Amino acid sequence: MKIVIIGAGPAGVTVAETVRQHDVQAEIVMLSDEPFPPYSPPAMVEYFATGHGTHLWRGTDWPERMGIDYRPGTRATGITPDEHLVQLDQGAALAYDRLVLATGGRLYAPVEGSDKPGIYNFKSLSAANELLGLVQAGQAKTALIVGAGFIGVEIGLLLADLGVKVTQLVRSRVMRSMLDPETSQLVLEMIRERGIKVQGNDDADAVAFVGDQRAEAVEMRSGVRLGADLLVAATGLRPNIEFLAGSGIQMQWGIRVNDRMQTNYDDVYAAGDVAETYDRLTGERYVHAIFPNAVDQGRIVAYNLLGRDARYEGADNMNSLKHLGLPVMAVGHMRGEELRLRHNGTLRKIYVEDGHIAGFRLTGDIRSAGIYRSLMNRGEDISAYKHTLLEPGFGMGYVENLASSPTLTA
Ligand SMILES: Cc1cc2nc3c(=O)[nH]c(=O)nc-3n(C[C@H](O)[C@H](O)[C@H](O)COP(=O)(O)OP(=O)(O)OC[C@H]3O[C@@H](n4cnc5c(N)ncnc54)[C@H](O)[C@@H]3O)c2cc1C
C-alpha cells in the first residue's frame, strides 16, 4: 500500500511513525514544502531564544531510520481524489492508495490586507527564520503584533527578550477565548512588566494593513496608522487548505472529517491543525490547534490506515504559556460555578457544571493539573468533594482512595 502524507508536522510524523511500527512493508511518501527535517513548532521559541533546542525533535536521520521517502521542499498544489493523484509544484503528479492531509495552519488576523507581503508569521520554521533573521541581522528594532492569542503572546515575549521594542494590540483581552478576565489581566500585567507596550480597546481596533507593494503600517478604525519594522498578524490560526480548492474535499474552516478522521473520500484522511474535529466534552466542531490533538489524530489516522476501526474521542481544549515567567495553563471551558483561590501570587480556578469539572485555569501553580484533567475527561461527579479541589496538592497521594477519603464524604 502506498501512503502519501502531505505535511511533516507532528500530525504527519505521528501517522508515519505509527504505520511504520506496525507495517514494515508500507510505502510511505511524505511531502513538506519546507526545506527542513521534521521539527516541533512549540520548541522553536526556545531555539530562537537560546540558539539551541530540541526543535528537530526526531533527528535529521528520521526519514532514513523510518524508511520513509521524505521529500522536503515539495509543495502539493492540488489533489484529484477520483484519480488518486497529488499535484506537485515541481510539475509531476504523485499517485497514492491512501492520502493523509496534514498541512497544518498559519497565523492570521481578520484584517483587510492581511495577505500582503511584509506581514510576518511564526507558525512554521521557515516563517520564523524569516522573522528572526531580520532581528538577528539588526534590521528590525520594532514590532507590532496584531492580536494576543497564546502564540501571539509567546512571539511578543520572545521578540522583547531579543531586544525588539514590541507593541501588542489587544482589542478585548489577552487570550480571550481561553482565559477568564482576571487571569487575562494577570497575564497582561506580566507582559507589560516584560517591557511590551500593550495597546487596548479602541486604540487596538486594527482595520487594515496598508502599504503599496507591501504592508508598512496598520490602520486603526480611528484612522491612526501605526508602523513598525515587523508587522505580525496573530489573532488566530487559519488552516492551510487553499490548495484543496476544487478538489471535492469538504471543508468549512478546516477539513471536515468523521470520527475515523476520514474526509468525504474514504481513502483521504486529515489530521492536526488542518482538520476540523469536535470537542471531547461539548461536541462542538472546530479546529483546536494544539500539539497533543495533532498527535492523537495522527494515531487514529494510522490505525485506520492499518485496517483497524479506530475512533477519535474528540479534541482537548487547552493551552499553556511557558515563557511568561509564571506557568499559565488553561484547560476545558469556563462554564458553571467558578471555584477560585488566589494565594501568594498564584491564581487557581476550576469551573464546575452539573457536578462535573468543565475546565480549569491555573496560574503560577499548576500542580494537580493532570488530576483535574483526568477527572474532567472521565466526567467524574466531583460534587461531594468539590470544595477540596483547590486545596494545595489536591489528589496527590489520596486520589486513588477518593471514595474512602474522610475529606470527601461531605
Ligand atoms: C510558536 C508556537 C508555539 C506553540 N506552542 C504550543 C504548545 O505549547 N503546546 C501545544 O500543544 N501546541 C503548541 N503549538 C501548536 C502546535 O505546534 C501545532 O498544533 C502543531 O504543530 C500542529 O501540527 P500539524 O502537524 O497539524 O501542523 P504543522 O506543525 O503546522 O505542520 C504542517 C506542515 O505542513 C507543511 N505544508 C503546508 N502546506 C503544504 C503543502 N501544500 N505541501 C507540502 N507541505 C505543506 C507546512 O509547511 C508544515 O511544515 C505551538 C505552535 C507555535 C507556532
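Each ligand, and each atom within it, is numbered from 1 in the order the structure gives. Starting from 1, each residue takes its place in the sequence as its number. Owing to the predicted nature of the structure, the values given are computational and were not obtained by experimental measurement. The analysis underlying the following values was restricted to heavy atoms, covering all of them including side chains, and did not include hydrogens, waters or symmetry mates.
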Engineer: Within the structure, does Ser32 bring an N/O atom to less than 3.5 angstrom of an N/O atom in ligand 1?
Structural biologist: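 Between Ser32 and ligand 1, no N or O pair is found under 3.5 Å apart.
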Engineer: Can you tell me if NZ on Lys322 sees more than 12 non-hydrogen neighbours from other groups inside 6.0 Å?
Structural biologist: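 For Lys322, atom NZ is crowded (more than 12 foreign heavy atoms under 6.0 Å).
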Engineer: Is the distance from the ring center of Phe36 to that of Trp62 below 6.0 Å?
Structural biologist: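 Here the rings of Trp62 and Phe36 have centres that are no less than 6.0 Å from each other.
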Engineer: Output the list of atoms in ligand 1 that are nearer than 4.0 Å to some heavy atom of Ile6, sorted by atom number.
Structural biologist: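 Once the distances to Ile6 are compared, the set is 40 (C), 42 (N), 43 (C).
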Engineer: Starting from atom 15 (C) of ligand 1, find the nearest protein heavy-atom neighbour and note its residue, name and distance.
Structural biologist: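 Heavy-atom neighbour on the protein nearest atom 15 (C) of ligand 1: Ala289 O, 3.8 Å.
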Engineer: Is Phe243 in polar range of ligand 1, meaning some N or O pair under 3.5 Å apart?
Structural biologist: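 Looking only at distances, the answer is no, because the N/O contact criterion of under 3.5 Å is not met.
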Engineer: Would you please test Arg311 and Asp259 for salt bridge (charged side-chain N to carboxylate O under 4.0 Å, His left out) and show each step?
Structural biologist: CA-CA 5 Å; Arg311 306 279 167 161; Asp259 61 354; 3.0 Å; yes
Engineer: Report the nearest protein non-hydrogen atom to atom 50 (C) of ligand 1: residue, atom name, distance rounded to 0.1 Å.
Structural biologist: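 Minimum-distance protein heavy atom for atom 50 (C) of ligand 1 reads Pro42 CG, 4.0 Å.
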Engineer: Run the ring pair (Phe, Tyr, Trp, His ring centres under 6.0 Å) test on Tyr39 and His55 for me, step by step, so that the C-alpha distance in whole Å, both residues' side-chain angles and the decisive distance to 0.1 Å come before the verdict.
Structural biologist: CA-CA 5 Å; Tyr39 62 87; His55 65 296; 7.2 Å; no
Engineer: Looking only at heavy atoms, which two atoms of Pro81 and Ser247 are closest? And how far apart?
Structural biologist: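 Smallest heavy-atom distance, with atoms named: CD-O, 3.4 Å.
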Engineer: Are any of the N/O atoms on Phe122, whether in the backbone or the side chain, positioned under 3.5 angstrom from an N/O atom of ligand 1?
Structural biologist: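 No, no N or O pair falls under 3.5 Å.
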Engineer: Rounded at 0.5 Å granularity, tell me how far CD1 in Ile371 sits from CD in Glu380.
Structural biologist: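 If I round to the nearest 0.5 Å, the distance is 12.0 Å.
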Engineer: Give the residue, atom name and distance (to 0.1 Å) of the protein heavy atom nearest atom 49 (O) of ligand 1.
Structural biologist: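 The protein heavy atom lying closest is Glu34 OE2, 2.8 Å.
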Engineer: Is the NZ or CZ atom of Arg285 both under 6.0 Å from the centre of the six-membered ring of Tyr278 and within 45° of that ring's axis?
Structural biologist: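 Arg285 over Tyr278 ring: no.
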Engineer: To the nearest 0.1 Å, how far is atom 44 (N) of ligand 1 from its closest protein heavy atom, and which atom is that?
Structural biologist: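 Answer for atom 44 (N) of ligand 1: Asp33 N, 3.0 Å.
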Engineer: Any N or O on Ser320 sitting closer than 3.5 Å to an N or O of ligand 1?
Structural biologist: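 No, no N or O pair falls under 3.5 Å.
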Engineer: Measuring from the heavy atoms of Pro292, does anything fall under 4.0 Å of ligand 1?
Structural biologist: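 True for this residue.
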Engineer: Report the residue from Val301, Ile28, Val295 that forms a side chain to side chain contact (heavy atoms under 4.5 Å, CB included) with Val15.
Structural biologist: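 The passing option is Val301.
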Engineer: Which residue owns the protein heavy atom closest to atom 19 (O) of ligand 1, what's the atom, and how far is it?
Structural biologist: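 Of every protein heavy atom, Asp273 OD1, 2.9 Å lies nearest to atom 19 (O) of ligand 1.
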Engineer: When Val232 is tested against each of Leu144, Leu131, Val166 for side chain to side chain contact (heavy atoms under 4.5 Å, CB included), which residue passes?
Structural biologist: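 Of the listed residues Leu144, Leu131, Val166, the side chain to side chain contact (heavy atoms under 4.5 Å, CB included) partner of Val232 is Leu131.
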Engineer: When rounded to the nearest 0.5 angstrom, what distance separates CG in Asp267 from CD1 in Ile3?
Structural biologist: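 Nearest 0.5 Å value for the CG-CD1 distance: 11.5 Å.
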Engineer: Can you name the atoms of ligand 1, numbered from 1 with element, that are less than 4.0 Å from a heavy atom of Ala294?
Structural biologist: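 In order of number, 22 (C), 23 (O).
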Engineer: I'd like to check which ligand 1 atoms, numbered from 1 as shown, lie under 4.0 Å from a non-hydrogen atom of Gly272.
Structural biologist: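 Under 4.0 Å from Gly272, ligand 1 has these atoms: 26 (O).
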Engineer: Do the non-hydrogen side-chain atoms of Ile300 and Tyr269 ever get within less than 4.5 Å of each other?
Structural biologist: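 When only atoms from C-beta onward are counted, Tyr269 and Ile300 do not touch, as no gap falls below 4.5 Å.
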Engineer: Phe48 pairs by side chain to side chain contact (heavy atoms under 4.5 Å, CB included) with which of Ile155, Leu158, Asp161, Val135?
Structural biologist: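 Among Ile155, Leu158, Asp161, Val135, the one that satisfies the side chain to side chain contact (heavy atoms under 4.5 Å, CB included) with Phe48 is Leu158.
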Engineer: Would you check, one step at a time, whether the test side-chain hydrogen bond (donor to acceptor under 3.5 Å, both in side chains) holds for Thr263 with Gln250?
Structural biologist: CA-CA 7 Å; Thr263 67; Gln250 272 178 12; over 6 Å; no
Engineer: Val274 near ligand 1, heavy-atom distance under 4.0 Å?
Structural biologist: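 No; Val274 lies far enough from ligand 1 that no heavy-atom distance drops under 4.0 Å.
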Engineer: May I ask you to check if ligand 1 and Ala76 share an N or O to N or O distance below 3.5 Å?
Structural biologist: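 Right, the criterion is met.
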Engineer: Identify, for atom 37 (C) of ligand 1, the protein heavy atom at the shortest distance, and state residue, atom and that distance.
Structural biologist: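 Its nearest protein heavy-atom neighbour is Thr103 O, 3.2 Å.
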Engineer: Starting from atom 29 (O) of ligand 1, which protein heavy atom do you reach first, and at what distance in Å?
Structural biologist: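 The answer is Pro10 CD, 3.3 Å.
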Engineer: Is Thr74 close enough to touch ligand 1? Criterion: a residue heavy atom under 4.0 Å from a ligand atom.
Structural biologist: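 Judged by the 4.0 Å heavy-atom criterion, Thr74 does count as contacting ligand 1.
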Engineer: Considering both backbone and side-chain atoms of Asn240, is one of its nitrogen or oxygen atoms within less than 3.5 Å of a nitrogen or oxygen in ligand 1?
Structural biologist: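 It does not: no N or O of Asn240 is found under 3.5 Å from an N or O of ligand 1.
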Engineer: Nearest protein heavy atom to atom 7 (C) of ligand 1, by residue and atom, and its distance?
Structural biologist: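 Ranked first by proximity to atom 7 (C) of ligand 1 is Lys322 NZ, 3.4 Å.
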Engineer: Enumerate the atoms of ligand 1 whose separation from the nearest heavy atom of Lys123 is less than 4.0 angstrom.
Structural biologist: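 Result: 30 (O), 53 (C).
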